[in-house]
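In what follows, a structure is listed as structure tokens, so that the remarks can point back to it.
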Amino acid sequence: MKEIIRAAVAILIICGVLFYVNNQLDKSSGRSGSDTISVYNWGEYIDPELVERFEEETGITVVYETFDSNEAMMTKIEQGGTSYDVAMPSEYAIEKMKENDLLIPIDHSKVPNLSNIDPYFLDLPFDPGNEYSIPYFWGTVGIAFNPKLLDGQTFESWEDLWDPSLKQEVILVDGAREVMGMGLNTLGYSLNTKDEQQLQEATDKLKTLSPNIKAIIGDEIVETMRRSEAAVALVWSGQAADIMYVNEDIDYAVPKEGSNLWFDNMIIPKTAANVEGAHKFINFMLDPEVAAQNADYVGYSTPNEQAIELMDPEVTGDERFYPTEEMRERLEVYKNLGLETLGKYNELFLEFKMDAQ
Amino acid sequence: MNRSSKLSKVYLALVFIILYTPIFYLIFYSFNSGGTMSSFKSFSLEHYKAVFADTRLIMILINTIIIALLSALISTAIGVIGAIGIVYLKNRKSRNALLSLNNVLIVSPDVIIGASFLILFTMVGVKLGFASVLISHIAFSVPIVVIMVLPKLQEMSSTLIDAALDLGASKREVLSRVIIPYIKPGIFAGFFLALTYSLDDFAVTFFVTGNGFTTLSVEIYSMARAGITLTINALSGLLFIVTLLLVLGYYFVTNRTKNPLRTGVPK
Amino acid sequence: MQNNTNRSYYLVPYFGWMMLFVIAPLVLVIYFSLFDLHGNFSFINYQNFFTSVYLKLTLSSFWYAFLITAFTLAIAYPTAYWLTKTKHKQLWLLLIIIPSWINLLLKTYAFIGIFGVKGPLNKLFESMGIGTQQILYTDFSFIFVSVYIFIPFMILPIFNSLDKMNPTLIDAARDLGSSTWTTFTKVIFPLTINGVKSGIQAVFIPSLSLFMITRLIAGNKVITLGTAIEQQFLVTRNWGMGSTIAVFLIMFMVIIMILTGQKDKGALSNEQIK
């Protein structure tokens, strides 16, 4: 008994000391200012230097929190109890959040830097007139492949994934929309289809890919491809950029049948406590110099025209990551399918995964 | 005897090597000047410098440790009491029912626990942050403590307690002088595994946290999309070394004071 | 009786915990499971559970949970047994637990590296002349990593049961001429049965709902009920179906508890002697 009490007391003392240390750190980092905004973003999806610069320029303290999926983020904002002022969800999440009345309209007069954004990325179907969202980064879905592991094979068509020589070589990203979309695109259908017949056909088509599938994984694709562990992977362009940053052998292609065009955007959730500060932050991130530095750090494609001017032309001239307008014609943005159809997509995807075992 | 002791040493060595391999792998790459765990470029301490330069990360680490220690401590107290309560239930059916309820949180996936706790907290009006995270960690650690303490309680023969009671010990004395000392290994096992639960948890914490409060797990998981930095490796390496030193230090200090008593027992 | 009131007073925190964090969420989950996507009351989710996909998932979840538990036990028991024979056994035991305090996702990433085609393990295989093997995304890697995660949960209770065992019992059995094996099966193992049971509970039950490892290490070639629930909650946002699967998962757990509880003679006989 004595030993247990002694251990308990020791733990309490340690906690007390740690509390004190944390408080001191908190004070010294000056995070307890009165004017704060809370930013909710994917991990490692912003250059921390820019956050510091924003704090210095405006005197607003930034509390930075992270999430790992759109859906989890939405659940948090929906339930309340928190006060996020700015968040960076993907476009299909914005549609849902709009439906559920979770967003505050953005006052364009407070975001003059909006004019820096390429008009192509404004006024998109998921948010007409950019009432609620401002583009942050964008990209495509395509195939990352390692020519060194393949005999000169290229991927101009989704059909190329079905090549018998790729036995156990293909990695898919674990996303129902992405994989089902690939199946639909291969057959020439829209990746927003609600037609059950087309969905079933796509599933049957996908099932014939089973022998080629090595794994269906998430963000670990990046590490796997970097190590040249697999020859081919279905990825988001951002992941492809991350892979190529380390492994220069890898190439990336968007097949000719078409694919998905995605956006991550800045929004102000209903929970915001400092709407004024949120506008300042969004405007700051749209500054050409800031956006360029951020794009350099994160490695994704920026929609900021003026920033592109400031960046290395070798990066921004790369048509794999900055496709021309003509190439973008073939791409589709995800539409909110509604819970029922989304459920159908997931069910068929699960069926496909079970089949791939 | 000799052969079996050799075999046992080889076996244990193997188990320990496997347990520590991934950790040494992580530490090895924390010295990589390249930014990733895929190819080792050259030796560098830059990631360790980055750890000390990042106050936010250090604060998150301290939060994580405080939550882990406190939640393990409190859940151990609750769990021990619960286990004692369960064992001394007369009715076997209600004992089984209680044990089943006890294990509900172990079988429930974290997403469900997290979502339902979040609903609970917002309904009651608890401000999301340190308190809600601490309470949640206590909540999901209690069952593992119960499971760890139960076998010791079941092994304890009731004659021991009866004898103590016959000798005039009060209920309280029985608890503190007989029961608790006997189940002490179970209590420590429960505490350590509650620590493990707390340090590993991502999903529940994610849902119930807010207002700037984060733990290391949440931070690491949300980094996955853009790639986990080697700073985290360096941090984990440091944490591992410090823990190891603390454990070794504590063990040898307490053992030196105890040794004279122990060596008196002939083998 | 003074004794009784005294006892229930001690139990307040535990039952308070149970009401707030077990019963309340349980009621919530059952409530959610009774609504379809449009918020209408219906049993459609329960009906859907009995489609082939979910039944198949249930079977495969149980099969893998069984395999994981069996291997964990097979590895943990000798470890715990020999640990009790070492000189600084408490220290060694702590050293078993320490690795579990390093973040799981990080360790999993380490395993991805170690098991990879170009990883150190395959380098070793090559130097031994076995040749490169695909280790990642197989049943083997999945079970290996799961066992790795769960091993402390099995070793601790078994160690505790073995540790305080009266050595004279074993000596007595030996003196009576029983072989090492008989001593083990007839004397040692039955005395540690409670510890083993605790270990099995601490491993089997959570491995029914494993989800992260199924993707990271098994590449979704293993899918469990936990994966399905996670998908329903986070991707489809169909909380009704997710809750329904959870209800079944909890029911399966209760059945296991009742089945293993029946053999719970050890504690019972104590009570009966009273």
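As the structure is a prediction and not an experimental result, all values here were calculated from the model.
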**Item:** Val22(C) versus chain B, the contacting section by heavy-atom distance below 4.5 Å
**Value:** side chain
**chain C contact via Tyr29(B) - which portion, at a heavy-atom distance below 4.5 Å** = neither
**Message:** Please report the interatomic distance OG(Ser100(C)) to CG(Leu199(B)), rounded to the nearest 0.5 Å.
**Reply:** 8.0 Å
**Message:** Please classify the contact of Leu239(B) with chain C as side chain, backbone, both or neither, using a heavy-atom distance under 4.5 Å.
**Reply:** neither
**Asked** Which bit of Val80(B) comes within less than 4.5 Å of chain C, counting heavy atoms only: side chain, backbone, both or neither?
**Response** neither
**Prompt:** With a cut-off of 6.0 Å (strictly less than), are more than 12 heavy atoms of other residues, nucleotides or ligands near OH of Tyr31(C)?
**Reply:** no
**Prompt:** Pick from Asn160(C), Leu156(C), Ile75(C): which one has the most heavy-atom pairs with chain B under 4.5 Å?
**Reply:** Asn160(C)
**Request:** Step by step, work out the side chain to side chain contact (heavy atoms under 4.5 Å, CB included) result for Ser8(B) and Lys85(C).
**Result:** CA-CA 9 Å; Ser8(B) 77; Lys85(C) 308 266 178 229; over 6 Å; no
**Prompt:** Side chain, backbone, both or neither: which part of Leu195(B) has a heavy atom under 4.5 Å from chain C?
**Reply:** both
**Phe153(C) and Tyr197(B) aromatic centres sub-6.0 Å** = yes
**Asked** Non-hydrogen atoms of chain B under 4.5 Å away: do they reach the side chain of Thr192(C), the backbone, both or neither?
**Response** neither
**Asked** For Leu12(B), is it the side chain, the backbone, both or neither that has a heavy atom under 4.5 Å from a heavy atom of chain C?
**Response** side chain
**Interchain contact, Phe204(C) with chain B, by part (heavy-atom threshold 4.5 Å)** = neither
**Asked** Take atom CZ in Phe248(C); do more than 12 heavy atoms of anything else shown fall under 6.0 Å from it?
**Response** yes
**Verdict with reasoning, Val247(B) to Leu91(C), per side chain to side chain contact (heavy atoms under 4.5 Å, CB included)** = CA-CA 8 Å; Val247(B) 165; Leu91(C) 180 67; 4.1 Å; yes
**Prompt:** Using non-hydrogen atoms only, which part of Leu14(B) is less than 4.5 Å away from chain C: side chain, backbone, both, or neither?
**Reply:** neither
**Item:** Region of Phe192(B) that comes under 4.5 Å of a non-hydrogen atom in chain C
**Value:** both
**Message:** Quick check on the interface: out of Ile119(B), Leu244(B), Ile138(B), who has the most heavy-atom pairs with chain C under 4.5 Å?
**Reply:** Ile119(B)
**Asked** Can you tell me how far the CG atom of Leu95(C) sits from the OH atom of Tyr251(B), to the nearest 0.5 Å?
**Response** 10.0 Å
**Message:** Can you tell me which portion of Ile113(B) sits under 4.5 Å from chain C's heavy atoms? Options are side chain, backbone, both or neither.
**Reply:** neither
**Message:** What I'd like to find out is whether the side chain of Ser108(B) reaches to under 4.5 Å of the side chain of Ile250(C), using heavy atoms alone.
**Reply:** yes
**Asked** What distance do Ile84(B) atom CD1 and Leu11(C) atom CG have between them, rounded to the nearest 0.5 Å?
**Response** 8.5 Å
**Check: Tyr14(C)/Asn102(B) side-chain N/O donor and acceptor closer than 3.5 Å** = yes
**Complete:** CE of Met18(C) to CG of Leu101(B), rounded to nearest 0.5 Å, is 5.0 Å
**Message:** Quick check on the interface: out of Met212(C), His88(C), Lys118(C), who has the most heavy-atom pairs with chain B under 4.5 Å?
**Reply:** His88(C)
**Request:** Any chance you could measure Ile112(B), atom CD1, to Leu26(C), atom CG, to the nearest 0.5 Å?
**Result:** 10.0 Å
**Min side-chain heavy-atom separation Tyr109(C)-Leu26(B) under 4.5 Å** = no
**Request:** To the nearest 0.5 Å, tell me how far Asn233(B) CG sits from Leu106(C) CG.
**Result:** 6.0 Å
**Request:** Could you tell me whether the side chains of Ser217(B) and Asn103(C) share a donor-acceptor contact shorter than 3.5 Å?
**Result:** yes
**Item:** Minimum side-chain heavy-atom gap Pro143(B)-Trp17(C) below 4.5 Å
**Value:** yes
**Message:** Measuring only between side-chain heavy atoms, which start at C-beta, is Pro157(C) closer than 4.5 Å to Met148(B)?
**Reply:** yes
**Request:** Could you tell me whether Phe240(B) and Trp101(C) have their ring centroids closer than 6.0 angstrom?
**Result:** no
**Request:** Identify which part of Val107(B) has an atom lying under 4.5 Å from any heavy atom of chain C, answering side chain, backbone, both or neither.
**Result:** both
